[in-house]
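Below you'll find the structure, written out as structure tokens, and then a few comments.
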Amino acid sequence: MKKHSRKLKQPYFTVENLNFSYKPDQSDQFDWLEPTLRSDQTEVEDICLSEINFSLERGECLLLTGPSGCGKTTLLRTINGIIPEFYSGQLDGEINLNQKSVLTLKPEQRGCKIGSIFQNPRSQFFNIIVQDELSFGCENLNISYQEIQTRLAPLIEQFQFESYLERRLFDLSGGEKQRVACLSIAAMQPELILYDEPSSNLDKQGMEALRDLMLNFKELGITQIVAEHRLAYLEDVSDKVMLMSQGKIIKRFTNQDFQALNFTELDKLGIRKTKKAYVNLIKPNMNLVKSKPVEIKQPNLLYLKNKPLNFPEKVLKQNALAIKSLYLKYPRSKFPVLDFENYNFVDQNIHVLTGSNGVGKTSLIHALAGLEKRAKGEVVWQREKIRLNKLNKLCGVVFQDINHQLFSDSCFDEMALSLENQKFTRQEIEELIKNMADRLDLADHLFEHPMNLSGGQKQRLAIASTILLNRPILILDEPTSGLDFKNMQSIANLIKEIAKEKLILIVTHDQELIFELEPIIHECKN
Amino acid sequence: MNVRTKIMVALCISTVMVNRSFRLAFPWLIIILNLIPLIWLICLKRYKVAAFYVIAYLLSLTYQTEIVFLQNILNYVPYIILMMMAIFHYMLPGFAMAFIIFTTTSVQEYINAMSRMRIPMAFTIATSVLFRFMPTVKAERIGINRAVKMRGITKARFIKQPLQTFSFVIIPLLNCSVRIGDELSMASLCRGLSLNQERTVRPEDQLKIWDWLVIIISLLILLMFVFNLNGMRFLFQT
């Protein structure tokens with residue numbers, strides 16, 4: 001009798017004594033995934049899980065946080081079965097869902113109970129049309145066609161997805177893709193949903209939509225585990241918070257305790273800030289904040305449109321960029337993406353462009369960098385009128401997907417490539433690169449292949465090679481997406497330093513980065 | 001139209017077209033089969049592709065022209081180019097059909113059709129990735145070209161150091177493709193895509209009378225083709 005009652009009390013989802021190390025078994029056959037595994041950042045070599053224990057009740061939401069490479073992703077992978085199916089290693093311990101062990105199941109068998117949402121929205125859809133993608137998971141489970149339709153109908157209605165059904169997934173923005181992934185998982189009616197940094201490509205609205213979705217799942221009694229750097233949007237979703245470091249759980253909080261932590265305490269833990277921590281910080285120093293151009297709650301908005309400015313004296317100063325006219329229309333769309341006249345980037349060297357996903361920020365910076373052939377217009381830079389297609393000689397751009405701009409075999413070559421046409425001697429080149437590597441903390445990795453670096457290092461390498469191009473304007477597109485607090489801060493410091501001599505335009509949603517930089521904020525609207 | 005029908009028609013056209021003796025035996029049928037992709041393209045409102053098809057067809061036709069003026073010119077064209085033109089001429093309708101299949105079929109339809117034809121899932125999944133991969137590679141390439149241009153790698157460098165410069169484009173492309181492929185297979189595994197399973201049958205996956213009709217006609221043409229083969233004809237005569 002006693003035994004029976006104890007069994008009833010057992011929580012809904014438990015992880016017991018979970019250990020994992022990536023060291024591949026010698027007995028294993030040759031693994032075709034090995035080369036790609038190696039490119040998969042630092043987590044391959046040394047990070048493993050040790051003594052992970054936790055339990056969740058039905059409908060609870062757990063927030064996992066900690067610096068990059070602390071084992072959050074690894075933990076999620078052991079739960080959804082990617083480990084040991086994809087990455088070989090030593091795994092022991094026990095994972096129970098609804099009193100049944102899941103460790104023995106293959107990932108595709110776990111799929112009907114455990115849904116996973118990944119970081120990169122681009123690479124998690126298998127179909128081309130939204131509608132197919134929504135029903136894809138269910139069709140794999142051999143659920144009847146009628147049943148799929150009845151499951152999808154309320155979801156589509158609730159999230160106003162009617163207009164999306166026929167669209168191509170390639171044409172959607174990152175946030176929209178992420179919502180498609182969530183709905184597709186929801187249609188499979190899982191009992192547990194895992195999120196791996198779901199917000200790293202989302203704007204404010206996207207994050208709010210994601211939060212609403214999570215709250216909805218919670219009401220449906222679905223248990224959720226979220227691994228995340230950005231904590232602000234999860235404030236009223238999470239029930240428990242776990243802080244991980246080097247594969248161990250180092251601190252556990254209830255949500256109330258966690259939200260009560262203040263700015264400096266969070267700083268000490270090395271994690272990003274909760275919303276409350278910001279509000280608490282700002283309130284006592286209200287005067288100070290006012291004198292600065294930034295205010296977190298209501299930023300100093302400068303609308304790109306409806307504000308005709310004649311070129312004032314300032315524009316004629318150094319490091320002032322002014323758009324005389326700019327027009328861009330894609331052949332497929334009805335309305336122009338960009339259409340404005342007489343707009344200035346003056347007063348300060350750091351400018352931030354914000355605005356919701358798909359509003360045209362990336363198009364704007366591509367046009368300003370002279371990389372968009374279809375854009376028409378004129379730009380004034382240091383008293384000179386410049387045609388748009390000449391601008392690529394003036395601008396250095398760090399793209400959103402940095403993997404696109406790392407060409408070479410080693411970090412050294414990567415930076416040397418930037419110096420190629422600048423008439424330096426071999427010695428000068430080496431010296432410049434060494435200096436740059438020292439400043440950006442890349443000196444130890446100078447002869448490694450760029451694809452072996454971690455996300456933060458890649459980001460710094462891309463910035464370094466762009467700086468070395470020695471162009472007066474530096475444009476950064478989402479430089480901190482997916483970075484943890486430490487990396488974010490080091491990039492912010494770097495940007496501040498460069499800003500002494502260069503004009504910097506940054507596209508970002510990251511409120512904390514904006515807070516660090518104290519820039520002029522330009523909000524983009526349609 | 002159902003995927004299976006499309007595949008059948010494509011199979012029929014591309015097989016029959018390349019055989020010379022069949023072309024000589026049924027010239028009218030050949031003209032009709034040549035017209036099928038054209039009409040199909042026009043129905044799909046792919047006017048540019050249709051125009052391209054017509055132009056390419058006419059151009060490749062010149063190798064067997066009887067106009068004296070053109071023949072005089074052709075005398076100076078190397079024989080290998082003429083041969084390539086002839087081969088291209090034979091295979092053009094097949095290419096057009098492949099284009100039609102790729103642009104009108106969704107991954108879902110393709111997987112369902114293949115599994116209903118009892119084709120092993122291992123083959124189906126591997127080939128279905130093609131549908132998803134083409135647009136991905138295209139999008140990646142645009143991004144990489146932008147980065148190349150931004151870095152000031154010019155066309156002059158392409159001529160000076162072609163191999164190294166080419167690697168600047170191809171290495172990031174390969175890296176991104178591998179990464180995306182990896183993440184994609186993880187995501188689809190977690191959604192329950194596996195090798196031995198039954199999948200949901202959609203109403204549009206079932207063959208209709210119209211489909212059967214087209215399939216039977218294509219099969220008949222294929223049969224005619226088989227009887228017309230040289231070796232076969234010999235078999236039936238004795």
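Remember, it's a predicted structure, so these values are computed and weren't measured experimentally. Order of the sequence lines sets the chain letters (A, B, ...), proteins ahead of strands, with each chain counted from 1.
A salt bridge between A:Glu139 and B:Arg199 is present, with a side-chain N of the basic residue lying under 4.0 Å from a carboxylate O of the acidic one. Look at A:Glu414 and B:Arg151 and you find a salt bridge, because one of the NZ, NE, NH1 or NH2 atoms lies within 4.0 Å of a carboxylate O, short of that distance.
With sequence neighbours excluded, the residues satisfying salt bridge (charged side-chain N to carboxylate O under 4.0 Å, His left out) with B:Arg146 are A:Glu372. Legend: residues meeting side-chain hydrogen bond (donor to acceptor under 3.5 Å, both in side chains) with A:Thr78, ordered by chain and number and at least two apart, are absent.
Relative ring orientation between A:Phe126 and A:Phe136 is described as parallel, the plane-to-plane angle staying below 30° on a 0-90° scale split at 30° and 60°. The aromatic rings of B:Phe22 and B:Phe225 stand perpendicular to each other, their planes meeting at an angle above 60°, with 30° marking the opposite boundary.
Chosen from A:Ile82, A:Asp132, A:Leu469, A:Asn80, the residue pairing most often with chain B at heavy-atom distances under 4.5 Å is A:Asp132. Comparing A:Cys138, A:Ser144, A:Ser184 by how many heavy-atom pairs each has under 4.5 Å with chain B, the most go to A:Ser184. Interface summary for chain B: among A:Gln146, A:His366, A:Gln400, A:Gln405, the most heavy-atom pairs under 4.5 angstrom belong to A:His366. Ranked by heavy-atom pairs shorter than 4.5 Å toward chain B, the options A:Cys395, A:Ala369, A:Ser465, A:Gly396 are led by A:Ser465. Chosen from A:Asn392, A:Val397, A:Leu169, the residue pairing most often with chain B at heavy-atom distances under 4.5 Å is A:Val397.
Looking at A:Ile148, only its side chain comes within 4.5 Å of chain B, counting heavy atoms on both sides. Heavy atoms closer than 4.5 Å to chain B are found in the backbone of A:Leu406, but not in its side chain. In this structure, the portion of B:Ile111 lying under 4.5 Å from any heavy atom of chain A is its side chain and not its backbone. Heavy atoms of A:Gln131 lying under 4.5 Å from chain B are absent altogether. With a 4.5 Å cut-off on non-hydrogen atoms, A:Ser418 touches chain B through its backbone and its side chain both. In this structure, chain A has heavy atoms under 4.5 Å from both the backbone and the side chain of B:Val148. For B:Ile171, the part lying near chain A is the side chain, with the backbone staying farther off; criterion is any non-hydrogen pair under 4.5 Å. Heavy-atom distances place no part of B:Asn145 under 4.5 Å from chain A, backbone and side chain included. Interface remark: B:Ser185 contributes backbone and side-chain atoms alike to the contact with chain A (heavy atom separation under 4.5 Å). Neither the backbone nor the side chain of A:Leu194 comes within contact range of chain B; no heavy atoms are under 4.5 Å apart. Contacts between A:Asp401 and chain B at a heavy-atom distance below 4.5 Å involve the side chain alone, from C-beta outward. In this structure, chain B has heavy atoms under 4.5 Å from both the backbone and the side chain of A:Glu133.
A donor-acceptor contact closer than 3.5 angstrom is absent between the side chains of B:Arg46 and B:Thr103. For the residue pair B:Thr5/B:Asp211, the side-chain donor-acceptor check at 3.5 Å is satisfied.
In this structure, CD1 in A:Ile402 is found 8.5 Å from CG in A:Leu461, a value given to the nearest 0.5 Å.
For B:Phe52 and B:Tyr47, the distance between ring centers is not under 6.0 angstrom.
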